[in-house]
Every structure is written in structure tokens, then in C-alpha cells.
Amino acid sequence: MKTLINGLSVFSHGNSKSKPILFVHGFPYDSNMWSPQVNALQNLYYCITYDCRGLGSSPVGDGQFTMELFVDDLKYIIDKLKINKPVLCGLSMGGYIALRAVERMEDYFSALILCDTKAEADNNEAKLRRAAGIKMINSEGIQKFVNGFVPTCFMENSIKNLPAYKAALERAKTFDPVGIKGCLLAMQGRTDTTAYLNRIKIPTLVMCGEEDKLSPPSAMKSMAEKINNSEFVVVPGAAHMTPMENPEFINTTLLNFLNKIS
Ligand code: MLT
């Protein structure tokens, strides 16, 4: 079911009395990236996805986004839907949102799942890459940016053979450039959540694609080691977009984790 909450497109699947899982997608994607997980879990769990501000079918507004605004949106959705202590699952930019949300209000959540993400803020090199991305969108258009960025998130094999890759690539090209640039600015300006990692108390699952170059397994392993109640899993046959590239493995790992914590 689709609901508009604060203008954002929010999608709920399954029985609202089941244990809730709130999925936050990566950049420059939308809620569709979690379809394989929602399909696999919705009979057992109440699965909620949404399009982050500026992406998918959610509004762009003035495009002046911050990570804090993204967390405000997440909190607003939880409050509005009256979801009790969801499991929070975020990939990459969704992981930045999830980590900051946990730092701000850990008692809102029962567990945390981090896919292909990092706690560190952008270093100078990353900040300059964001700025170059914005410049490219302004001067050469969204297509050029998306055609350059999206393939860096996937394995060669996914690029050649995964229909979901092509669909995500084409969808991203339809997004409003103002929204894409707003997300780049929000990521560029986000705070570093590393210091909170060893204070996280909720059970945490950390997953990383074996060929992820944006948040490599060695970096994610050391992130997981800082979280007390955590487990770390390397996802075979995947780069950065693990839920799309190896959905069977991700779904099984999610189910094992969710079984363990309930
Ligand atoms: C994502 O997948 O959300 C992005 O790669 C995050 C980023 O650019 O830092």
C-alpha cells in the first residue's frame, strides 16, 4: 500500500501487526531496490520502504537537503505510521541515514542492519568528488552523471546480466537533477558517526559485497568490530548493491538474523 507521509512516498507490505522492518535505500536509487527483500519477507514481517526526499516519486522541494533532514523524515514516517521499534535496514546512503538515526534516537529501534555503508564522513577527496558530480550535472546533465556513477556500484557480471541493473540505471536518469544534487550535498555535509559505533546496544548485522569498492569488506569488517553486539557477513557474487546483486543470499542472511533476534 502506498501512503504519502509529509509528501514522501511510503510503501507498506504485509501485516501491520507483524514485526516491522524499515528499509532505507541507497543513492541514486529508490524504494524499488528492496523489492527482492520485500517479496521474500512480507509474509512474515511488516516491510516498509520509502523513496528518500528528492529520489523516486518523493518530492524534491528546494533541494536543500541535509542528513539531519533525512533522519527527520525517517522519524516522521515511524511516528506517523505508529511503528513500534522497527528493525532499521539501510544500504549505503540509507546506512548513513540509519547510523545517524541510531545515534540520535537508538531507543526507536529494535535492531540495525547495515549494508555496504560506512560511518566515516566524507574526506576531502570524497567532498571534491561530490562537487565534481554537481558540476557535471549542471554542465552535462543527469544522464552523464548517472551513466558514470551507477556502474561503479555493480559487479561486471551484474552490469552484463542483471535486468535489475538496467532498470535501476534507467530509473535514476528520470530523477530530478535538483533531488540528485540535494542528496550529494547532504552526503557531503554529513557528520561522522564512528564515535557512536561502540555505544550501539541493539543487535546489528553488517553485510558487505565481496567486490564492493565504495565501502570495501575490510573497512566494513572493522566497522562491525567496533559494534559490540554485531555480526559481519561478506556477500559473495556482489559489489555495492548486495540486495539486488545477490538477493537470495541477502534474504537468507536477513531471515537468519531476524529469527535470532526475535
Ligand atoms: C550509495 O550507494 O548510496 C552511494 O554510493 C553512497 C555514496 O555515494 O557515498
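Quick caveat: nothing in here was measured; it's all calculated off a predicted structure. Atoms within each ligand, like the ligands themselves, are counted from 1 in listed order. Basis for what follows: all heavy atoms, side chains included, without hydrogens, waters or symmetry-related copies.
Under the 3.5 Å distance criterion, with hydrogens and angles disregarded, no donor-acceptor pair is assigned to the side chains of Glu103 and Thr193. With no hydrogens or angles considered, a side-chain donor-acceptor pair links Asp212 and Ser215 at under 3.5 Å.
Screening Met207, Met241, His25 against Leu91 for a side chain to side chain contact (heavy atoms under 4.5 Å, CB included) leaves a single residue, Met241.
Looking at heavy atoms from C-beta onward, Ile78 lies in side-chain contact with Phe109 at the 4.5 angstrom threshold.
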Exercise for review: Begin with the C-alpha distance, continue with both residues' side-chain angles, and end with the deciding distance and a verdict on side chain to side chain donor-acceptor pair (under 3.5 Å) for Ser57 and Asp51.
Suggested key: CA-CA 6 Å; Ser57 55; Asp51 291 345; 2.9 Å; yes

What are the distances between nitrogen or oxygen atoms of ligand 1 and protein nitrogen or oxygen atoms, counting only those under 3.5 Å?
from	atom 1	to	atom 2	distance (Å)
ligand 1	2 (O)	Phe27	O	3.3
ligand 1	2 (O)	Ser92	OG	3.0
ligand 1	2 (O)	His240	NE2	3.0
ligand 1	3 (O)	Phe27	N	2.7
ligand 1	3 (O)	Ser92	OG	3.1
ligand 1	3 (O)	Met93	N	2.8
ligand 1	5 (O)	Ser92	OG	3.4
ligand 1	5 (O)	His240	NE2	3.4
ligand 1	8 (O)	Arg130	NH1	2.8
ligand 1	9 (O)	Tyr96	OH	2.5
ligand 1	9 (O)	Arg130	NH1	3.4
ligand 1	9 (O)	Arg130	NH2	2.8

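Ring-plane geometry between Tyr165 and Phe154 is classed as perpendicular, the angle between the planes exceeding 60 degrees on a 0 to 90 degree scale with a lower cut at 30.
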